[in-house]
Amino acid sequence: MIKNYLLTALRNLWRNKVYAFVSIFGLALGISCTLLIALYIQDELSYENFQENKNRIYRLSLDIELGTEMVSAVTNMAAGPTLVEEYPEIEKAVRIYGMSQNATVRVGDVNYQESAFIITDSTFFDIFSFELLHGSADQVLRKPNSLVLTKSISDKYFGETDPLGQEIRVNNKMYVVDGVVEDPPLNTEIQFAGLRAFSALPPQMSEQMLADWYWMSGYTYLLTTPDFDSEKMEEK
């Protein structure tokens with residue numbers, strides 16, 4: 001009986017080829033679009049889910065009024081330390097500078113052009129859950145010449161050789177590798193190839209950044225207390 005139903009259906013489709021093609025193509029297109037949209041939404045909702053403190057991490061933004069209001073994720077470098085110092089609701093802050101800048105890296109006699117050798121605070125691993133493969137979270141990025149590499153970059157530079165203690169020149173400044181971190185997953189906005197200590201900045205530049213609240217130069221992330229109330233903080 002099922003065979004007869006199939007034969008009848010095939011005959012009807014054959015008699016109405018155009019209608020059958022449009023119907024089947026439309027159904028296939030609709031299913032494909034639905035699946036693609038579902039995958040896109042799933043990917044978007046997965047961003048930063050690996051962060052253990054995701055419910056306590058806030059990215060600072062800036063409202064700018066220049067005729068029309070604009071919201072920017074780029075802020076000054078003074079806001080983070082000031083909020084930690086003056087508001088007990090803010091446990092820690094981390095600043096990220098140079099996320100979109102390229103760097104010239106020299107390893108031995110070989111030069112590389114890399115992107116996102118970012119400059120950040122020593123609190124980076126206290127706030128974010130990127131997996132540190134070599135080195136200690138309470139030791140890396142403490143010295144002005146300290147450098148943390150992603151695993152893929154470390155493998156490219158040193159292969160099977162232990163990278164810890166190796167010297168690398170980044171933009172004419174010597175650094176010592178004191179950590180290796182797993183490559184950032186695709187579902188995070190914080191993409192990097194290497195992490196340099198914020199104290200690596202020239203003292204004059206660092207002091208100017210902290211003094212000039214109108215110098216918008218990087219991103220600031222805040223780690224709040226477990227009982228943080230965003231509405232009360234907004235009022236403050």
Side-chain angles (χ1 to χ4, degrees), residues 39-61 73-75 77 79-85 87-101 103 114-144 146-158 162-164 168 170 175-200 217-230 233:
L39 289 172
Y40 174 78
I41 293 174
Q42 183 183 40
D43 179 66
E44 288 293 302
L45 294 177
S46 72
Y47 265 67
E48 312 301 347
N49 276 344
F50 71 96
Q51 305 283 6
E52 294 179 7
N53 295 318
K54 64 180 181 180
N55 294 325
R56 296 170 54 198
I57 298 174
Y58 287 78
R59 187 182 68 185
L60 207 59
S61 63
V74 178
T75 59
M77 295 291 100
T82 302
L83 287 168
V84 172
E85 182 179 349
Y87 294 91
E89 297 92 340
I90 309 300
E91 284 191 2
K92 295 181 180 181
V94 61
R95 298 164 295 178
I96 294 177
Y97 174 74
M99 191 178 289
S100 60
Q101 296 178 359
E114 304 289 1
S115 61
F117 259 64
I118 65 177
I119 292 176
T120 187
D121 291 295
S122 59
T123 52
F124 186 88
F125 291 102
D126 296 333
I127 294 177
F128 300 121
S129 302
F130 298 103
E131 183 182 0
L132 198 59
L133 303 176
H134 301 286
S136 175
D138 59 356
Q139 296 295 325
V140 298
L141 302 175
R142 304 294 190 210
K143 300 177 181 179
S146 66
L147 175 69
V148 175
L149 298 176
T150 60
K151 185 179 185 303
S152 60
I153 294 294
S154 175
D155 290 345
K156 181 169 73 170
Y157 293 167
F158 305 111
D162 184 2
L164 297 185
I168 292 179
V170 182
Y175 290 85
V176 176
V177 179
D178 62 3
V180 176
V181 63
E182 187 63 77
D183 288 31
L186 294 177
N187 59 344
T188 176
E189 67 176 5
I190 306 170
Q191 297 293 330
F192 57 89
L195 304 172
R196 293 179 282 164
F198 205 89
S199 53
S217 52
Y219 301 90
T220 301
Y221 296 83
L222 308 174
L223 179 66
T224 62
T225 55
D227 58 348
F228 179 74
D229 189 321
S230 59
M233 187 65 186

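Predicted, not measured: the structure shown is a model, and the values here were computed from it. What you see below is based on every heavy atom in this structure, not just the backbone, and it leaves out hydrogens, waters and symmetry mates.
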For Pro144 and Ser199, the nearest pair of non-hydrogen atoms, with its separation, is CA-OG, 3.3 Å
Sorted by chain and number, sequence neighbours left out, side chain to side chain donor-acceptor pair (under 3.5 Å) with Ser154 holds for none
Across all chains, not counting sequence neighbours, the side chain to side chain donor-acceptor pair (under 3.5 Å) partners of Thr75 are Thr220
(message) Keeping Gln51 on the side-chain end and Phe128 on the backbone end, is there a donor-acceptor pair under 3.5 Å?
(response) no
Across all chains, not counting sequence neighbours, the side chain to side chain contact (heavy atoms under 4.5 Å, CB included) partners of Pro88 are none
Taken in chain and number order and not counting sequence neighbours, the residues that satisfy side chain to side chain contact (heavy atoms under 4.5 Å, CB included) with Glu131 are Leu133, Glu182
Quiz item: Got Ile96 and Phe192 here, is their nearest side-chain heavy-atom distance under 4.5 Å?
Solution: no
Determine whether Asp178 and Val148 satisfy the following criterion, side chain to side chain contact (heavy atoms under 4.5 Å, CB included), listing intermediate values before the conclusion. CA-CA 6 Å; Asp178 62 3; Val148 175; 3.7 Å; yes
Arg56 meets the salt bridge (Lys or Arg N to Asp or Glu O under 4.0 Å) criterion, sequence neighbours left out, with Glu91
Lys54 meets the salt bridge (Lys or Arg N to Asp or Glu O under 4.0 Å) criterion, sequence neighbours left out, with none
Got more than 12 heavy atoms from elsewhere within 6.0 Å of CG, Leu39? yes
All heavy atoms of Tyr157 vs all of Leu149, minimum pair found to be CD1-CD1, 4.1 Å
Across all chains, not counting sequence neighbours, the side chain to side chain donor-acceptor pair (under 3.5 Å) partners of Asp162 are none
Distance col, row Asp183:CG vs Gln191:CD, nearest 0.5 angstrom, shows 9.0 Å
Going through the distances and angles, do Phe124 and Leu132 end up as a side chain to side chain contact (heavy atoms under 4.5 Å, CB included)? CA-CA 11 Å; Phe124 186 88; Leu132 198 59; over 6 Å; no
The residue among Leu60, Ile190, Thr120 that forms side-chain contact (heavy atoms from CB on, under 4.5 Å) with Tyr221 is Ile190
Nearest heavy-atom contact between Ala197 and Lys143 is CB-O, 3.1 Å
Closest non-hydrogen atoms of Ser129 and Asn53, given as atom of the first, atom of the second and distance, are OG-N, 4.4 Å
Next on the checklist: When you measure from the side chain of Ser146 to the backbone of Val140, do you find a donor-acceptor pair of N or O atoms at a distance under 3.5 Å?
Outcome noted: no
With sequence neighbours left out, the residues meeting side chain to side chain donor-acceptor pair (under 3.5 Å) with Tyr97 are none
*Compute the centroid of each ring, for Tyr175 and then for Phe117, and state whether the two points are separated by less than 6.0 Å.*
no
By side chain to side chain contact (heavy atoms under 4.5 Å, CB included), Tyr87 pairs with (sequence neighbours left out) Leu83, Glu89, Ile90, Met233, Lys236
Heavy-atom closest pair (Ser122 atom, Leu141 atom, distance to 0.1 Å) is CB-O, 3.4 Å
dist Arg196:CZ -> Ile119:CD1 (nearest 0.5 Å) comes out at 4.0 Å
| task | Before giving the answer on side chain to side chain contact (heavy atoms under 4.5 Å, CB included), spell out for Val94 and Asp126 the whole-Å C-alpha distance, their side-chain angles and the decisive distance to 0.1 Å. | result | CA-CA 9 Å; Val94 61; Asp126 296 333; over 6 Å; no
Residue pairs meeting salt bridge (charged side-chain N to carboxylate O under 4.0 Å, His left out), one or both in residues 43-52, sequence neighbours left out, come to none
Closest non-hydrogen contact found for Met77 with Tyr219 is CE-N, 4.1 Å
With sequence neighbours left out, the residues meeting side chain to side chain contact (heavy atoms under 4.5 Å, CB included) with Pro185 are Phe50, Phe130, Asn187, Thr188
Taken in chain and number order and not counting sequence neighbours, the residues that satisfy salt bridge (Lys or Arg N to Asp or Glu O under 4.0 Å) with Arg95 are Asp121
